[in-house]
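Not measured: the values here are computed from a predicted model.
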Amino acid sequence: MTRIVLLILLGCHEVMGQGADALWPTAAKNGFGTSNTIASKVWFTLADGVMTEVFYPTVDMPSVKSLQFLIVTGAQTENEAEDTVHRLEVPNPASLTFRQINRAKSGAYTITKTYITDPRRNSVLIRVDFTTEINAHLYINYVPLSDKSVLMSNCGLPALQRRQCTLALGFGETTAKATATARASLARGFAAAMHEYELGWQKYVATLPPLEKHQRQFNMAAMVLKGLEDKTIRGAVIASPSTPWGGGQKPNEPPVSGYHAVWARDLYHVATAFDAMGDRVTANRLLNYLFRVQQKPDGSFPQNSWVDGRPIGNGVQMDQVALPLVLAYQLRRNDRASWLRHIKPAADFIVRNGPRTDQDRWEEKSGYSPSSLAAQIAGLVCAAEIAKANRDDLSAKRYLDTADNWAQNVEKWTVTKPDGSSGYYLRITANDNPNDGAKMEINSSSRVVDERKIVDAGFLELVRLGIKGPRDPLIVESLKLIDQLIKVKTPAGDAWYRYNHDAYGETPNGGKYDGRNGVGRLWTLLTGERGEYEVAAGDLTSARQRLDTLAGFANDGLMIPEQVWDREKSPTPNLRFGAGTGSATPLAWSMAQFIRLAMSIERGRNVETPGVVWKRYGQRG
């Protein structure tokens, strides 16, 4: 059982009693930090001027819900989240160090907090600077996991006095160990711990490639991806340190996975980003995790899992089975053990169960999906190359024959041609007939729509993975259609919905996604995918504009969200056109997409595209 102890240096404290039931905090984080060491197994998140979750002992396990100050002046009590104006700073652009500056709306006080973790042990350190012009008492409202909030005093502060203190949040298996951890961090001192913390990240940033533009955003994206890797089960990178819209459970209940779980698809995108940056050691570690921890005996991968590999979702997504094979090819994993134990079983699973998928890449619908087909075709071609390296020509032939057959039938299965037109790619078809007008229920919604009326940009995976050329007529025509139906020009630039009729987002009045009445919002990673298409088409000018837009979607902590608000009018002040919503922030996939697009622009080609697939199919188009 996790034990947590909060100690305060330069102050006194006493337990004041329990507060109200604690809800899970917003997913819209603008700060995320951890040490670049494996000795410190704690991660913190920041939002709305306060500290939100702290994860310990693994990156998928929240142990704290929130910590903020209450300010008591006479009979009046204020809290940081609601009664102050928040500002966030990144004082060191080469470190996951964050500073919150909260000024009272009345102007009577300012609370400044700088956050790090102790690189040597399991503790979060917060340097607090409190300036007040009035008689005020400062209390800590601390909400651990599965508990009501706890109020703690930090001595009354007289008028016109500036007061500093350091808070240490120590973790351990027992109260004694947690106490010893917090005391050791305090004894060492905040300045010494911060110096070591920042030096560790600065050394990592020094290894990153230079860019002409957006270096600060690039560095932050790289550090966040590095920080999202678990420190016990190496290679496990969670999708996001958040639970979108704070949903999924009632107050004080044990946590569901939220997005702090591992998806093979997301892990693939993160690994390709590391590979693009030249960090092949980390990329290989992620592939090792996919093979040695997540992969099932039948060769498939779970929908998602805890970091220790325990499955969470039961759906089978064929892209998540295929993309690790693409990654293995890119990382030149031709050794016989990888081939026999991992690559061949996954490829055989695809041959037996494809090309239809139980779930598309949005984890919603079964059928024939252009994006899932692209991944399977590319995965089989990559597996065939590894088979040849292991002198298994029979398997190589079976994989290539299957891939060729599916590549020849992609259009037959997923392109509809209404009224004799040239046709366009659908998002997904329930069967292998895209012209039969089958009805499809929109996920998390009661709407039922003709599948011929639902489109997305998933067909671009055919280009990125080397199966279709960027000038392919159906690709070009489908792009025109999605730009008409699902593109929105935001203040930061162009963005796209996942698909028309999507329901995964805030309700029409801006309320939290409730699983029934949501409206899909704009997904940031789709702007990056469009940029990669433009790289393939040789249009680097447009691709650079997409990179600018992705950077523009980031918040003040340089965190790129999953979704951004999609309209000029906003029902609430916190929803701004082109800015992040209550969706997962930061999203590892979005941060990885930024990195991969930046490196593709630098090299003038898509770093994700497997050459063997392009040579077999794409260069013919």
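Under the 30°/60° scheme for interplanar angles, the aromatic rings of Y513 and W245 are found to be tilted.
Within 6.0 Å of atom CZ in R576, 12 or fewer heavy atoms from other residues, nucleotides or ligands are found, so the atom counts as exposed in its surroundings. Counting heavy-atom neighbours within 6.0 Å of I38 CD1, excluding the residue itself, gives a total of 12 or less.
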Verify ring pair (Phe, Tyr, Trp, His ring centres under 6.0 Å) between W589 and W523, making sure each step is shown before the conclusion. CA-CA 11 Å; W589 189 353; W523 281 61; 7.2 Å; no
Yes or no on ring pair (Phe, Tyr, Trp, His ring centres under 6.0 Å) for F44 and Y115, after CA distance, side-chain angles and deciding distance? CA-CA 9 Å; F44 65 81; Y115 296 83; 5.7 Å; yes
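Taking R120 as the reference, D118, R188, E196 meet the side chain to side chain contact (heavy atoms under 4.5 Å, CB included) condition, with sequence neighbours excluded. Residues passing the side chain to side chain contact (heavy atoms under 4.5 Å, CB included) test with A261 are S257, W263, N304, I312, sequence neighbours excluded.
The pair K512-E506 fails the salt-bridge criterion, with no side-chain N (NZ, NE, NH1 or NH2) lying under 4.0 Å from an Asp/Glu carboxylate O. Salt bridge K105/D83: absent, no basic N to carboxylate O contact under 4.0 Å. Using a cut-off of 4.0 Å between Lys/Arg side-chain N and Asp/Glu carboxylate O, R546 and E529 are scored as not salt-bridged. With respect to the salt-bridge test (charged N to carboxylate O, under 4.0 angstrom), the residues K487 and D494 qualify.
Across all non-hydrogen atoms, the minimal contact from M277 to I595 is CG-CG2, 3.5 Å.
Within the structure, every pair that satisfies the salt bridge (Lys or Arg N to Asp or Glu O under 4.0 Å) test and touches residues 37-56, not counting sequence neighbours, is listed here: K29-E53. Screening residues 202-219 for salt bridge (Lys or Arg N to Asp or Glu O under 4.0 Å) gives K213-D548 as the qualifying pairs, with residues at least two apart or on separate chains. Pairs passing the salt bridge (Lys or Arg N to Asp or Glu O under 4.0 Å) check and including a residue from residues 324-333, sequence neighbours excluded, read R333-D335. Listed by first and then second residue, the salt bridge (Lys or Arg N to Asp or Glu O under 4.0 Å) pairs that reach into residues 89-103 are R87-E89, E89-R99, sequence neighbours excluded.
With hydrogens and angles ignored, the 3.5 Å screen pairs no side-chain donor or acceptor of T282 with any backbone N or O of D279. Distance alone, capped at 3.5 Å, places no donor-acceptor pair between the S185 side chain and the S123 backbone.
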